[in-house]
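Scroll down for the structure; my scribbles are underneath it.
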Protein chains: 2
Amino acid sequence: MTLTDGRRPGSRGVAADHVSLRRNNLSVVLRHVRDLGPRSRARIAEETGLNKATVSSLVAELVERGLLREGLADSSRALGRPGQLVELDGTGVCGVGAEINVDYLAVAALDLAGDVVLEKRVPVDVAHLEPGATLDRLAGLVREAVAAVEARNGQLAGVTLAVPGLVQVETGELKLAPNLGWGELSVAQEMRMRLGEPTYPLHVDNEANLAALAAYAELRGIEGESMHDLVLLTGAVGVGGGVVAGGHLMRGGHGYSGEVGHMPVAPPGRTCGCGRTGCWETVVGLTALLHKATDRDDPVRDPALDVEQRLAGITRRAEAGDARTLSALKDVGTWLGIGGAILVNILNPDVLVLGGYFAVLGPWLKEPLEKAIQERVIAPDGGGCRVVRSELGFAAAVRGGAQISLDQVFVDPTRIGAAT
Amino acid sequence: MTLTDGRRPGSRGVAADHVSLRRNNLSVVLRHVRDLGPRSRARIAEETGLNKATVSSLVAELVERGLLREGLADSSRALGRPGQLVELDGTGVCGVGAEINVDYLAVAALDLAGDVVLEKRVPVDVAHLEPGATLDRLAGLVREAVAAVEARNGQLAGVTLAVPGLVQVETGELKLAPNLGWGELSVAQEMRMRLGEPTYPLHVDNEANLAALAAYAELRGIEGESMHDLVLLTGAVGVGGGVVAGGHLMRGGHGYSGEVGHMPVAPPGRTCGCGRTGCWETVVGLTALLHKATDRDDPVRDPALDVEQRLAGITRRAEAGDARTLSALKDVGTWLGIGGAILVNILNPDVLVLGGYFAVLGPWLKEPLEKAIQERVIAPDGGGCRVVRSELGFAAAVRGGAQISLDQVFVDPTRIGAAT
DNA sequence: GATTTTGTCTGTTGAACCAACAAACTAAGT
DNA sequence: ACTTAGTTTGTTGGTTCAACAGACAAAATC
């Protein structure tokens, strides 16, 4: 991770002075403890290459800022004086993520340790509501989350909003959200107004991007620290894609990257929401699955049901071994692999993560998907890419939003807490 | 650009001390002068935010290392004492790039200012030669380039080899190069042996990746410094893709990214070299163009002709307004746009660069290509992506190889020159 | 000569480093 | 049980290095 850099990794480096040097090393120690767990000062010094005295000084400052705390004595080493464990102090600082999606609003607050302080999701038929009314309700949820953080005496690192559309990250303006039926709208400005011009940072980002970030954090715990490249596919009505490349979220030149749903891979068939035919999401979106697996008058297609109830219905049938359901799932899995192979050939990720409804139905999708990828990827052994289900479900984007707010604290710990 | 980082941007930051602080600021000043041109110390201080005294000290060290030199007096400002211009000293340090391709070997040496010291290309029918024999000949070219650098009394920053295949960058091992007919081979080790275990760094990288890097440097001069995201498409027998995202070369988890030639976008037609049908390169590769534009017994298809002679033939006919040629070019342009739109939707680059034969025939390909992209990209206005021809032609990869060696000097100027 | 700008010089500050050391513990010997 | 040697931890005092701040001589214009 950069030290003195701004947000753009490609930019010319920035001149550094003693302050940035200190900031860097504070960040190094803090992230070291986050990633590798509680450990003594001596061990931190050994592992980071910093001097023992320096580590002591850095830890003291981080403790004063409420980011680290001293824990128990370390009895793991046999000989010598036992060290005092230093661990992440989750209680002090929290980040909040909130999400607008087609049929729900959601919010999450995470503390510095990544533990969930509050998580809430309410069904809302956003497409049939005025944007203003939706934002009113979202602001209510954000206020609840902020209140929960304040009730814990926590400082708020920031709030990040996830939107399923094209977002200009720098300004927080939404350009287009076809699934919501929204056009241009300055979401950041509207929300700042509704939240009473708050002092904490408020950002807006693409839903799939934030979900990818959450999956990245989730999977580094499982797949290991050497995992740096990931593609997340979230299945919903459409298909969203988020890319982490070299440990950084890939946003593209104008923040419009990851629009994978409209790759023209399918044979000309159903017309897509974008007006064309042959789009990937016409064969792997939830609608496509329902059309393949059920008849028009099937009870799972009842408009009164929400996504999760429909998925529960499909899952039940698949578990019972219903032939038509299984065949439809295999079909979707194969198409998922055909598009997935394109992504793997272009991006060569370490893992391809299934999110949203793909994660729920993962057990049935995974096998045909992996087969299709193995057949189509040019690199030996599928480029070493594994297919993995995310456990975060529909909470991935809000988690990612909370995390990206917290990440700023890890990059620059001096943002938080009293000055020395 | 990072400061204290290793090669992997996602890795945990590295502890910094006074030495890395100095290294960073040396790098900042050096890159500042490279990117913004000659200027006085006072101006560098003003623009970078460093102190005047600090800049003096940094410049002195960079001059001592042979990376900067003092130029003329700056008479641009009206009032006051004129400054002494400080400029890049190209003469001291050079980087070398070399390339193995299907029908030629090439080498280039660039100095620190980016000026060409030597550039050479020799036709070689690599596919019908033993790999060992090819490497022997390549080693000869590299020795020529090194000799040219030494003749100028220049220090060699490094040598980078470009190969049209899947390369493991860390080890320098080639995994697969279908167009050469090569399998697994440790190119780095073989070349080090042939060059007599040289002391300078020797790396191996994918040809399209290096070409993308060269195009990035080329276009930042034209498109401006705010350009950070680029996709390069090199047309040859196949199609290669290179991606620069956020100013960094995107390599993927195992270095296998950018394999765009086999996206299944075309209708089932000719069988591709990979054994499947419908691959992108079956409709946009040079062979596809020749099949569309000419009959079997057409003189441009004469096996005695090389690529450039064939292209010259096609160009001549297009300029003369030959209907069949123009129609074939329009066709290829449209298919180029269909695949290109996928890349733009996924990666949202600032520019899509045409390299290799696409650049040569760019005038005829560009219009249908842009039309196809505009129609298929979801983001407004094609995601702000422009289509641009590269002027580097078939020298892009060697230039990129030389540049990536030189880049190391800009990141850490203390690698070069006498210690203070 | 007054003014403005450049670049150097002197001294200060801040942060990391180094070496020494007291504290806290284990293990072995008496 | 008590002592002693050996280990490891974390702090302290002093050193080093690099950036900074301000003063100032030099070199130009007006």
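Keep in mind the model is a prediction, meaning the values are calculated, not measured. Each chain gets a letter, A, B and so on, in the order the sequences are listed, and its residues count up from 1.
The nearest whole Å value for the distance from the CZ atom in A/Arg41 to the P atom in D/dT8 is 19 Å. Per the geometry, CD belonging to B/Glu70 stands 11 Å off C1' belonging to C/dT6, to the nearest Å. Rounded to whole angstrom, the span from the CG atom of B/Leu68 across to the P atom of C/dG7 amounts to 13 Å. Atom CZ of A/Arg23 and atom C1' of C/dA16 are 17 Å apart (whole Å). B/Arg39 places its CZ atom 12 Å from the P atom of C/dT6, with the value rounded to the nearest Å. Separating the CD1 atom of A/Ile44 from the P atom of C/dC17 is a distance of 14 Å, rounded to the nearest angstrom. Between B/Glu61 atom CD and D/dA18 atom P there is a gap of 8 Å when expressed in whole angstrom units. Atom CG of A/Asp17 and atom P of C/dT12 are 20 Å apart (whole Å).
As judged by a 4.0 angstrom heavy-atom cut-off over every strand, A/Ser56 is placed among the base-contacting residues.
Side chain to side chain, B/Ser57 and B/Arg22 meet the donor-acceptor criterion of an N or O pair below 3.5 Å.
Between atom CG of residue A/Asp111 and atom CG of residue A/Leu118 there is a gap of 12.0 Å, rounded to the nearest 0.5 Å. Residue A/His254 holds its NE2 atom at 7.5 Å from CD of A/Gln168, rounded to the nearest 0.5 Å. Here NZ of A/Lys52 is found 12.0 Å from CZ of A/Arg41. Values are rounded to the nearest 0.5 Å.
Under a 3.5 Å cut-off, the side chain of A/Arg220 and the backbone N or O of A/Met227 do form a donor-acceptor pair. The backbone N or O of A/Met250 lies less than 3.5 Å from a partner atom in the side chain of A/Ser257, making a donor-acceptor pair.
Not a single donor-acceptor contact under 3.5 angstrom links the side-chain atoms of A/His18 to the base of C/dA16.
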Subject >> Per-nucleotide protein contact string for nucleotides 22-30 of chain D, where B marks a base within reach and S marks sugar-phosphate only (heavy atoms under 4.0 Å, - for neither) >> reply: ---BBBBS-
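When distances are taken from the side chain of B/Ala42 to each of C/dT6, D/dT9, C/dA16, the shortest belongs to C/dT6. Closest to the side chain of B/Asn25, from the set C/dT6, C/dC17, D/dA19, is D/dA19.
Dense packing is recorded around CD1 of B/Ile222, with more than 12 heavy atoms of other residues, nucleotides or ligands lying under 6.0 Å away.
Close to C/dG14, at under 4.0 Å from its OP1 or OP2, lies no side-chain N or O of A/Arg22.
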